[in-house]
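Atoms considered below: every heavy atom in the structure, side chains included; atoms not considered: hydrogens, waters and symmetry mates. Counting starts at 1 for both ligands and their atoms, in listed order.
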Amino acid sequence: MERILFVATEGLPFVKSGGLADVIGSLPNELRRKGYDVRVVLPLFKKIAINWHYKFTFLRTYTVNINFEEKQVNLFYYIYNDVTYYFIEHRDYFEREGLYGYEDDGERFAFFQKAVLEMLNQIDYFPEIMHCHDWHTGMIPCMCKENFNHDYRYRSIKHVYTIHNLAFQGNFGRLMLGPCLGLGDYVFDNGNVRFDGGISFMKAGIVYSDKITTVSPTYAQEIKTTQYGERLESVLRFREADLCGVVNGIDTEMWNPKTDSLITKNYTSRTYKKGKAENKKALQEKLGLEVNEDVMLIGLVSRLTWQKGIYLIIEQLFNICNQPVQLVFLGSGEAGLEEKLREAEVSNPGKVCFYCGYNEELSHEIYAASDLFLMPSLFEPCGISQLISMRYGTLPLVRETGGLKDTVIPYNKFTGEGTGFSFSNYNSNDMMHVLWEAINLYYNEPDAWKQLVKNAMNKDVSWEQSAEFYIGIYKELVGE
Ligand code: ADP
């Protein structure tokens with residue numbers, strides 16, 4: 001087994017809106033290093049076009065049928081870090097300001113998936129494994145098995161489907177089944193893609209794939225329950241023999257405090273104290289916070305949505321601000337949350353900073369400068385931010401859910417073990433209790449804090465182990 005095609009909608013360094021891009025930007029590299037011919041196919045979004053298009057090589061043009069019209073696909077490729085990336089260009093569908101959230105998302109991503117399947121007919125690369133990610137690619141195993149079954153090459157492909165976030169499902173009206181997806185009514189009638197009277201791309205991915213993975217073992221268990229299953233729990237339980245959780249890694253070259261060129265002072269686990277102090281001072285100056293290298297700096301880099309537990313922080317903002325700490329928030333999202341964080345900044349000058357927006361460089365500076373990273377998520381399939389923060393010696397304070405539970409070892413005051421702090425119930429008082437514990441430890445037990453930082457920085461957050469796990473899955477599927 002050699003050839004694995006990743007199908008996704010975002011991936012670094014080309015385009016990113018969340019953790020999916022981190023995964024698509026790093027797992028293929030690790031598999032490539034291990035000798036596999038991994039390639040990746042992405043839509044050519046405007047954000048990619050602006051920065052990268054001039055570097056891409058045109059490969060060919062072909063058409064796919066959507067809504068009874070032949071729509072043109074322009075296929076480009078680019079080799080980055082020894083991995084071949086294909087880009088599906090269609091200006092009407094993809095050259096828009098945002099990536100997702102348009103009325104015709106169903107049609108846009110139906111087009112993308114059809115274009116990917118047809119692409120295999122057009123190029124001299126036929127994968128043994130197609131590894132699809134999240135709802136935007138969930139129809140691929142279904143269309144491949146239903147529409148291409150007569151072709152031995154397509155029939156031989158094994159499908160792996162990874163759920164990065166079950167909350168986003170790609171649910172649309174059933175009318176697009178025939179005209180957009182080219183599927184017969186029977187896949188609706190037999191329930192394979194049916195959901196709430198319409199169709200679900202996510203459900204189709206779960207039903208039709210040979211193996212379903214999600215991004216942590218705990219989330220793999222959680223999504224089989226009503227609490228976390230987003231109404232797909234029974235489908236997931238039906239497929240549980242083929243469902244497993246594999247924790248994400250991060251690109252440890254890009255996220256490396258020793259070499260990171262976006263931060264003020266590089267450091268290692270031996271020199272972290274001095275390094276953090278300098279990064280902290282630089283960030284405080286930059287953001288208008290009171291310059292004080294001794295104060296505990298708490299960071300947060302996140303989409304501002306209900307999923308991320310931001311409400312717990314807002315509930316306790318008054319109490320948190322009464323502590324000897326500074327807070328820096330980077331993110332954007334729900335207007336109500338943005339407003340609350342803006343208010344906190346205005347009421348606490350020099351102590352709280354809220355940067356509203358997406359800023360890659362600032363995120364590096366926050367990971368490097370902060371002492372503690374807040375991530376009290378309501379649910380968290382894996383979470384990338386806590387992995388990055390541990391790598392930068394910034395102790396994560398997390399709720400014990402999904403990948404947060406699997407990756408952060410909570411501080412044990414009896415043994416001194418741990419790589420961060422955690423609480424179990426989704427309750428702001430419980431979060432506050434642990435935060436007090438962390439603040440106390442930071443100021444009053446610096447040796448214990450130092451040990452936690454070292455543990456965190458020495459934790460293996462690379463892809464090494466998880467990539468082996470995926471290879472095991474691929475090999476099992478092709479019978480090796
Ligand atoms: P999710 O994928 O649910 O958004 P993850 O923790 O898995 O959450 O991944 C989030 C990734 O996006 C991390 O790499 C984080 O640093 C980055 N990120 C989130 N918000 C911002 C922002 N406003 N600016 C820069 N990077 C961000």
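Of the polar atoms of Ser385, at least one N or O is found under 3.5 Å from an N or O of ligand 1, judged by distance alone. At least one N or O atom of Asp22 sits closer than 3.5 Å to an N or O atom of ligand 1. Polar contact with ligand 1: absent for Ser332 (N/O pair, distance under 3.5 Å). At least one N/O-N/O distance between Arg303 and ligand 1 falls below 3.5 Å. Between Gly19 and ligand 1, a contact under 3.5 Å exists for at least one N or O pair. Checking only distances, Trp255 never comes within under 3.5 Å of ligand 1, N or O to N or O. Every N/O-N/O distance between Val301 and ligand 1 stays at or above 3.5 Å.
Smallest separation of non-hydrogen atoms from Phe201 and Gly106: CZ-O, 3.9 Å.
Distance from atom 6 (O) of ligand 1 to its nearest protein heavy atom, with residue and atom name: Ile384 N, 2.9 Å. Among protein heavy atoms, atom 23 (N) of ligand 1 sits closest to Gly357 O, 2.8 Å. At the top of the distance list for atom 14 (O) of ligand 1, counting protein heavy atoms only, stands Lys16 NZ, 2.8 Å.
For the pair Arg96 and Tyr102, the distance from NZ or CZ to the six-membered ring centre is under 6.0 Å and the angle to the ring normal is within 45 degrees.
By the 4.0 Å heavy-atom criterion, Ser302 is counted among the residues contacting ligand 1. Residue contacts with ligand 1 leave out Tyr355, since none of its heavy atoms falls under 4.0 Å from the ligand.
Nearest to atom 8 (O) of ligand 1 by heavy atom, out of Gln386, Met375, Glu361, Lys308, is Lys308.
In this pair, Tyr80 and Tyr85 present their aromatic rings perpendicular. The plane angle is above 60°, beyond the 30 to 60° band.
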